[in-house]
Every structure is written in structure tokens, then in C-alpha cells.
There are 2 protein chains.
Amino acid sequence: MQQRKGAPLRYDAQRNRDRILEVALAELTLSADAPLSVIAKKAGVGQGTFYRNFPNRESLVLEIYRHEVEQVADAAPQLLKTHPPAEALRAWMDRLAQYAMAKAGLADALRKATTHGSLMGLSHGPLMAAVTLLLTANEDAGTIRPGVTPDDFLLAIAGIWQIDPHGDWHPRAARLLDLVMDGLRAGAPGTPGGASTD
Amino acid sequence: MQQRKGAPLRYDAQRNRDRILEVALAELTLSADAPLSVIAKKAGVGQGTFYRNFPNRESLVLEIYRHEVEQVADAAPQLLKTHPPAEALRAWMDRLAQYAMAKAGLADALRKATTHGSLMGLSHGPLMAAVTLLLTANEDAGTIRPGVTPDDFLLAIAGIWQIDPHGDWHPRAARLLDLVMDGLRAGAPGTPGGASTD
DNA sequence: ACCTGAACACCGTTCAAGT
DNA sequence: ACCTGAACACCGTTCAAGT
């Protein structure tokens, strides 16, 4: 631990890190098991430098994933401004699905690099914030049942990471998301019926 | 392809295959990335023999998974005899969740070995048969909406494979499964409200 | 027909030497 | 303080030689 917590990286070091991330995104999106040595070489850095920045495959993949998913997360506030809560939630899920399909190689890399699907290892940060925002807006509007946690939600839509992006993914994703939406609605203030707790 | 389709294996060959599967189940349940060479050695066979039976890691893991999941699948008819359809479905999901937690190492191995979560690469066979049985029983009884495919169902519960088996998995699994059940119920003949298709 | 185990290839990880 | 790239370790895969 030679690097103090807040201290900025040296100029060239920062540049190296950025190049690694840039190359890694491209390579991993293309193929989930692109060798780290290839990424290092294409980024123009030595193996050692690569390792200084990312001590293992998981840390690299998580960092990229985190950065990429931020962009989807950022769409949430905007959607809530322009749509009623339930529609915003559903539209956001669609975006996430689209993202999951576009970056399927990356999602695959994440699955392989991490123990358990820690797609939710991102327990804090923008993704969680976005989900929380969407859920509370809907809960307040009475469009979903109260008490659904972001964790519940992410588990419920976990299936989207499992859909094959080749072939006809769109209807499969839509059916899954519809089903989840119905599950979320069940027991909402307006709706009768709903959650069984025997 | 020296082995004709229906031709039985030679006695020692069959024994080797069985021993590999037995050892692999134990090793992979313990650690998802147990080296194949270790499995071969513990099973008392050479590398070549291992390869003759399982040309790659995926084929080994899939075979074990298929065999293991059969036992859960087999519980479905029994549950339908002793419970009303909706309860049987829910009870079966609970068993699947328990299985997923007990064999988490294996599930992890499967995730890592396959492209996309082909937990559903088992598109035919006992698992699908069991799910179909449960879904049609419920559909006939009017306890779930019509038109839910086994594929839809497995995607909806995909989250259970993502739950960390250490720590407090039970409430998380229960909340997920409750939500899925509610989603399945929505739009059933008896129930008002339900699926939005805009 | 099936088996063994040494040999090979590949990739992640480390480290001595440089600036 | 950071970098390079050769060296090492490990594991999947193949194959010549054996029964």
C-alpha cells in the first residue's frame, strides 16, 4: 500500500489505468474470456503495470461493470420526471435489459470472474441509488406493494442476465419483466389479492 | 466417434465414468474450480481417460447438474398428489432453492463453465417435465394465469442461483419466491387486475 | 477398445532490473 | 514511484505407447 487513499495518481499512471479500462471494455464485451495478457499488450502496458492496477480478473471486471452500469442508473431520475412512476420503472427495466444484451460478453465475464452472481456486489453506489429512487417513487404512488427492497428487486430481474442475446431475446425479456411488474403490483394499496404469507 | 450410439460401455470403462462423476460431484460441490486433473487423480484415472468421457469442463458439470437436479424434479408429482396445485408449486420452488443453496459450489461451477446461464441448457429432460407438470396443474386449477411457459418460469426464479448460501439466505429466497408467485397469480381467472400489455 | 502419463500450450502471477 | 518483460506456476488438452 504505497498509494495514500486520496493522493492522485502520477500523470502517466492515471493514463495507463484509463487505457487498460478502455481496452478491457472492448475486449471483454467481445469475448468474456479475453486473456489479461492480451488486454495488457493492447493497452501498451507491461504485465506488472496491469497487476498494479487490478490485482485479479474480478477487480477489473467489476470496475468496468460498475462504470458501465452507471450510465443506465443515471437514466432513472430523468425517466421519473417524464413518466408516471410505474411506467418509469418499467421503462428503466427495459433499458437495463437492453444493456444486459448489448454487453452480454461483459455480463458473462462478470459471472465467471466472481463468486456468486455479485452483479449485486455493487451493493452501494449509483445502481442501488437508482433502484431505490424508482421503488420509493412507486411505493409512494401506491403502484407497487410496500416493503420491496432494492435487493428483492434485483433478484427478481436476475433472469435478464441469463437470456441469450443472440436469437429472439426481446419477447423473452418482456415476458419476464411483465411478470416481475405484476409481482411488484400485487398487494399494492389500490389492488386486491396479493402476497400470501402462510 | 468409435462408440456406437446404443452400445454399452465396456465394464471397466463404465466403472471409470461412474467414479469420475462421483468424485467430481464431491469436489465441485466443495469448490467450483477444482482442477480437472485433481478429479482425474482422485478418481484413479489418467488424464486421457478423463478426456474420453468428458471433452471439456462444461460437459462434466452439465452431466452432474443434470443428474442432481433430477432428484428435485422427481418430487413434483408427489407434491401434486399431496397438496393443492398452488401449494405444490410453491413447495417445489422451496425445494429447488434449498438444493441451489446446498449445491452452491456446483451452481457456481455451472455458471463459470457455460456460456450464458444455461441452467436452462437442460431444455428437455426431467426438469422441464416437472416444471411443465406443475404449471399446467396450476393453470388448469385457475391458480396462475394461462400461458406461462416453463422458460418464463425458470427465468423468473433465476435469482435463487444468485443468492449467497452463507449468511441468511432463507428470507431472501422466500421473498423472491413470494414475489414470483404473486406475478404468476396476476391475471389468473379468479383474480382481478394483472398483466399490462401496452 | 480402452487406458496411462509424459509432453505441450496457454494464461495468470511474480519479481529483478530499469527509469 | 512507477514501469517493463522475462521467468515461474498451474491447469487444460493432446498423443505416443501400452494392455
Side-chain angles (χ1 to χ4, degrees), chain A residues 1-24 27-28 30-64 105 108-115, chain B residues 1-24 27-28 30-64 105 108-115:
Chain A
M1 192 144 290
Q2 302 88 321
Q3 185 68 29
R4 218 92 68 58
K5 205 182 178 184
L9 290 171
R10 218 169 66 179
Y11 222 76
D12 52 342
Q14 180 63 50
R15 222 178 66 96
N16 277 335
R17 187 185 171 85
D18 290 345
R19 296 192 61 184
I20 292 171
L21 284 171
E22 186 185 350
V23 171
E27 292 299 313
L28 290 176
L30 201 64
S31 163
D33 31 41
L36 300 183
S37 51
V38 168
I39 295 174
K41 179 157 287 178
K42 287 204 182 182
V45 303
Q47 305 270 73
T49 301
F50 182 92
Y51 249 74
R52 167 184 289 270
N53 283 284
F54 305 99
N56 50 48
R57 178 173 268 260
E58 178 173 353
S59 66
L60 172 68
V61 175
L62 270 179
E63 174 89 12
I64 296 176
D108 226 59
L110 191 65
R111 251 201 312 277
K112 282 176 181 166
T114 62
T115 337
Chain B
M1 195 145 284
Q2 302 90 321
Q3 184 70 27
R4 226 99 54 66
K5 207 182 177 183
L9 289 172
R10 220 169 64 179
Y11 211 75
D12 53 341
Q14 180 64 51
R15 224 179 65 94
N16 278 335
R17 188 187 169 84
D18 290 345
R19 296 193 61 185
I20 292 171
L21 283 171
E22 188 185 349
V23 171
E27 291 299 312
L28 289 177
L30 201 64
S31 162
D33 31 41
L36 300 184
S37 50
V38 168
I39 294 174
K41 179 157 284 176
K42 289 204 181 182
V45 302
Q47 304 270 75
T49 300
F50 182 92
Y51 248 74
R52 168 185 287 271
N53 283 284
F54 305 99
N56 50 48
R57 176 172 271 259
E58 177 171 354
S59 66
L60 172 67
V61 175
L62 270 179
E63 174 89 11
I64 295 176
D108 225 59
L110 191 66
R111 249 202 312 277
K112 282 176 181 168
T114 61
T115 338

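Reminder, nothing fancy here: chain letters follow the sequence lines and each chain counts from 1. Basis for what follows: all heavy atoms, side chains included, without hydrogens, waters or symmetry-related copies.
Rounded to whole angstrom, the span from the NZ atom of B:Lys42 across to the C1' atom of C:dG5 amounts to 20 Å. In this structure, A:Arg15 atom CZ and D:dC3 atom P are separated by 11 Å, rounded to whole Å. Between A:Phe50 atom CZ and C:dC11 atom P the separation is 14 Å, expressed in whole Å. Rounded to whole Å, the distance from CG on B:Leu36 to P on C:dG5 is 17 Å. C:dG5 atom P lies 9 Å from atom NZ of B:Lys41, rounded to whole Å. Between the CZ atom of B:Arg57 and the P atom of C:dC10 there is a distance of 19 Å, given to the nearest Å. Atom C1' of nucleotide D:dC3 and atom CD of A:Gln14 are separated by 16 Å, given to the nearest angstrom. Per the geometry, OH belonging to B:Tyr11 stands 24 Å off P belonging to D:dT19, to the nearest Å.
When both pairing distances are held under 3.5 Å, C:dA1 makes a Watson-Crick or G-U pair with D:dT19. Look at D:dA6: its Watson-Crick or wobble partner, with both distances under 3.5 angstrom, is C:dT14.
The side chain of A:Arg52 has D:dC2 as its nearest neighbour among D:dC2, D:dT14, D:dA7. Comparing atom distances between the A:Pro35 side chain and each of C:dT4, D:dG12, C:dC11 picks out C:dC11 as nearest. Of the candidates C:dG5, D:dA6, C:dC3, C:dC3 carries the atom nearest the B:Ala13 side chain, counting heavy atoms from C-beta on.
Here the CD1-CD distance, from B:Ile64 to B:Glu22, works out to 11.0 Å after rounding to the nearest 0.5 Å. A:Leu60 contributes atom CG, which lies 11.0 Å from atom CG of A:Leu110 (distance to the nearest 0.5 angstrom).
Residues B:Ala32 and B:Gly105 share a closest heavy-atom pair of CB-O, 3.4 Å. Across all non-hydrogen atoms, the minimal contact from B:Arg19 to B:Lys42 is NH2-O, 4.3 Å.
Distances shorter than 4.0 Å separate none of the side-chain N or O atoms of B:Ser37 from OP1 or OP2 on D:dC11. In this structure, A:Thr49 does not reach the D:dC2 phosphate: none of its side-chain N or O atoms is under 4.0 Å from OP1 or OP2. Close to C:dC3, at under 4.0 Å from its OP1 or OP2, lies a side-chain N or O of B:Asn16.
At the heavy-atom level, B:Val45 lies under 4.0 Å from the strands shown only through sugar-phosphate atoms.
Ion pairing between a basic and an acidic side chain is recognised when a charged N comes within 4.0 Å of a carboxylate O; A:Arg111 and A:Asp108 show such pairing.
Take the nearest nucleotide of DNA chain C for A:Gly48 and for A:Asp33: the residue whose nucleotide is more 5' is A:Asp33.
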